Amino acid sequence: MTSPYAALTTSPEWQALLACRDKLQGSPMKALFADDPERATRYFIDGAGLSLDFSKNRLTDEVLEALMQLARSRKLEERRTALLCGEKVNTTEDRPALHTALRNAGTNTIVIDGQNVVAEVNTTLARMDTFVQEVRNQSRTGYTGKAFTDVVSIGIGGSFLGPKLVSEALQPYQSSGLRCHYVANIDGTEICETLAGLHPETTLFLVQSKSFGTRETLENSRVARAWFIERSGSEQAVASHFMAVTANTAAAQDFGIDPDNVFPMWDWVGGRYSLWSAIGLPVALTIGMNNFRALLAGAHAMDTHFQNAPLKENLPVVMAMLGVWYNNFWGADTHAILPYDHYLRSLPDHLQQLDMESNGKRVNLRGETLEYQTGPVIWGGVGANGQHAYHQLIHQGTRLIPADFIIPLQTHNPVATHHADLFANCLGQSRAMMTGKTLEEAKAELAASGASEEDIEQLAPHKVVPGNQPSNTLMMKKVTPKTVGALIALYEHRTFVQGVIWDVDSFDQWGVELGKQLGQDILPRLLQSSTTGEASDTGTDNLIKLFRSANRP
Ligand code: F6P
């Protein structure tokens, strides 16, 4: 089969976009707005409770059409159907990627390898519902009969970032009195600091690991189990306090978790797409199953929008293609996620794994090395804090940094004029990115302030802001279970669309294996349990010696 990947950069659709870019060089966004104020309404779309203003982009109708032509040339609509119908789009692992089935309760059947997965999903949701209710109504207690007060979720990557994001995002909906703690890192400080404040009789542990083979999670769980047994004096009581969420029930059982305490996951759900599964248990325990089901419903609403909305009115498609536009035609190496909402402060962390572990790839589906850029560096942080940290570089640096501003129209916590102030900051930043400040404007500003001619000449160049920096503004009425579900699902589909354009497998992550393995090779030499071990490079060998001398038994 001839590889179509080569066709990408020589395709007529790609060439048309190169011509569009050249044409736009002389038309900054400021001029586009002046010539066509109506763009503000033309480039504004809604879907699943979210609204997207994408008018502050290097975009004309011609560019938008050309971007959609590129999407069609990459058979996006066919690949979208394949994703949603459970075809094996994860080609290197020969699996579907059916995170959408986790939130599609209304569907009767989705068959994978002869199995109707919807039945399994619904059975697991029902089990979650019962478990959550029992813990919250205190009919399920610890080994002394005391109600649970604390939940410790032990997991990393997709078994951590998604649940943590949603726990924080839906803080206003926490109604159980249960405190939720997340432990991810193999840095012992995290598990030690978490356990320090807890009591075994009222603590519930969730071991969250799709593979049940992730060393960080297993080592932390072993420490937690030992702590529990040592403090409670009862190994038998482990059964009442340790649950597992995994696709590897046998390994969970070997670890000492009762099979009845294992919630299943499936290999057709990637870790970074799994918060909708029982991996979401820590969230469901704290906000209740009704709110968890609302989260699922919000994501399903975005799935439906993604499936049905015309490409130019399709939030994931428009955002994805704008990302391709800057990544592949304007040389942007990064993309900033700027949530202007305290509850969404961990969104960039989750999207880093979602996007970079999905599209940080260098070969296409046929294993051929790619000669064009794929996934960008995803970074960001909560606004308005970022304005006092990295916005300087966005405004006056030498790089193109497209940004997504994300902000609710209403706050959960009205106080003084704070929300209007936050919103003004958000709009001020996207406007400054777009309009900038010319040398003439800087000089006039300095002159109006009474600066001397000499000072004006010296200082003005330092006050110029080039502008023409693109941004999207994504809004919801309020941060709720439904809008949070839709927001995360939006970025899942945005990631998928870009993977289709770049012809990569967005659902595997072979790149994480080497570092893990080399770390395991080094570990015995650090533990002083082995002085042999294969010598590595002299740099690493030197650092091993330093660690050994600093940590002699
Ligand atoms: O980073 C590699 C990875 O496999 C992620 O894809 C995954 O979310 C994380 O490690 C944790 O994996 P598990 O849930 O199997 O412990």
Side-chain angles (χ1 to χ4, degrees), residues 89-99 102 124 152-167 182-187 190-191 205-225 242-257 261-283 346-362 375 377-378 488 491-492 495-496 499 504-520:
V89 295
N90 178 354
T91 50
T92 66
E93 295 179 302
D94 193 31
R95 292 171 182 169
L98 261 178
H99 37 287
L102 299 172
T124 303
V152 178
S153 176
I154 303 176
I156 197 167
S159 299
F160 158 59
L161 291 166
K164 176 175 179 282
L165 161 63
V166 179
S167 285
Y182 288 95
V183 175
N185 203 346
I186 193 68
D187 175 348
E190 203 171 40
I191 185 77
F205 291 93
L206 303 177
V207 181
Q208 309 254 84
S209 177
K210 177 181 173 185
S211 63
F212 222 90
T214 302
R215 188 171 173 81
E216 294 94 333
T217 303
L218 295 180
E219 291 306 304
N220 278 324
S221 301
R222 288 188 182 107
V223 167
R225 190 171 185 278
F242 279 74
M243 315 297 289
V245 181
T246 184
N248 189 343
T249 304
Q253 214 169 334
D254 291 348
F255 177 84
I257 290 177
N261 288 356
V262 177
F263 289 88
M265 285 175 74
W266 301 280
D267 67 8
W268 39 264
V269 176
R272 53 192 175 274
Y273 297 88
S274 65
L275 74 89
W276 322 100
S277 72
I279 286 287
L281 257 183
V283 176
S346 292
L347 182 65
D349 295 345
H350 174 63
L351 297 188
Q352 277 190 325
Q353 184 196 11
L354 177 65
D355 199 293
M356 295 168 79
E357 195 164 82
S358 293
N359 291 338
K361 309 288 167 69
R362 54 187 298 281
V377 173
I378 301 294
I488 298 172
Y491 276 95
E492 289 179 346
T495 301
F496 170 73
V504 298
D505 184 334
S506 298
F507 299 105
D508 63 12
Q509 54 283 323
W510 299 109
V512 304
E513 300 307 320
L514 176 61
K516 278 182 190 175
Q517 187 49 55
L518 293 179
Q520 291 314 302

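Counting from 1, the numbers follow the sequence of the chain as shown. Small disclaimer: the values here were computed from a predicted structure and weren't measured. In listed order, ligands and their atoms are each counted from 1.
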(Q) Under a 3.5 Å distance rule, please check whether Q352 uses its side chain to pair with a backbone N or O of I378 as donor and acceptor. (A)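 Such a contact is found between Q352 side chain and I378 backbone.
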- Task: Using modelled atom types only, decide if a donor and an acceptor are shared between the side chain of S358 and the backbone of S506 within a distance under 3.5 Å.
- Result: yes
Atom pairs and distances, ligand 1 N/O vs protein N/O under 3.5 Å:
| residue | atom | partner | partner atom | Å |
| --- | --- | --- | --- | --- |
| ligand 1 | 1 (O) | E357 | OE2 | 2.9 |
| ligand 1 | 6 (O) | E357 | OE1 | 2.6 |
| ligand 1 | 8 (O) | G158 | N | 2.7 |
| ligand 1 | 8 (O) | Q353 | NE2 | 3.2 |
| ligand 1 | 12 (O) | T214 | OG1 | 3.4 |
| ligand 1 | 14 (O) | S159 | OG | 2.7 |
| ligand 1 | 14 (O) | K210 | N | 2.9 |
| ligand 1 | 15 (O) | K210 | N | 3.4 |
| ligand 1 | 15 (O) | S211 | N | 2.8 |
| ligand 1 | 15 (O) | S211 | OG | 2.7 |
| ligand 1 | 16 (O) | S209 | OG | 2.7 |
| ligand 1 | 16 (O) | T214 | OG1 | 2.6 |

Compare all side-chain heavy atoms of [X] with those of [Y] and state whether any distance is below 4.5 angstrom.
X	Y	value
L275	V283	no
F263	M243	yes
L102	Y273	no

- For S159, which residues count as a side chain to side chain contact (heavy atoms under 4.5 Å, CB included) partner, sequence neighbours excluded?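 Expected list: Q208, I279.
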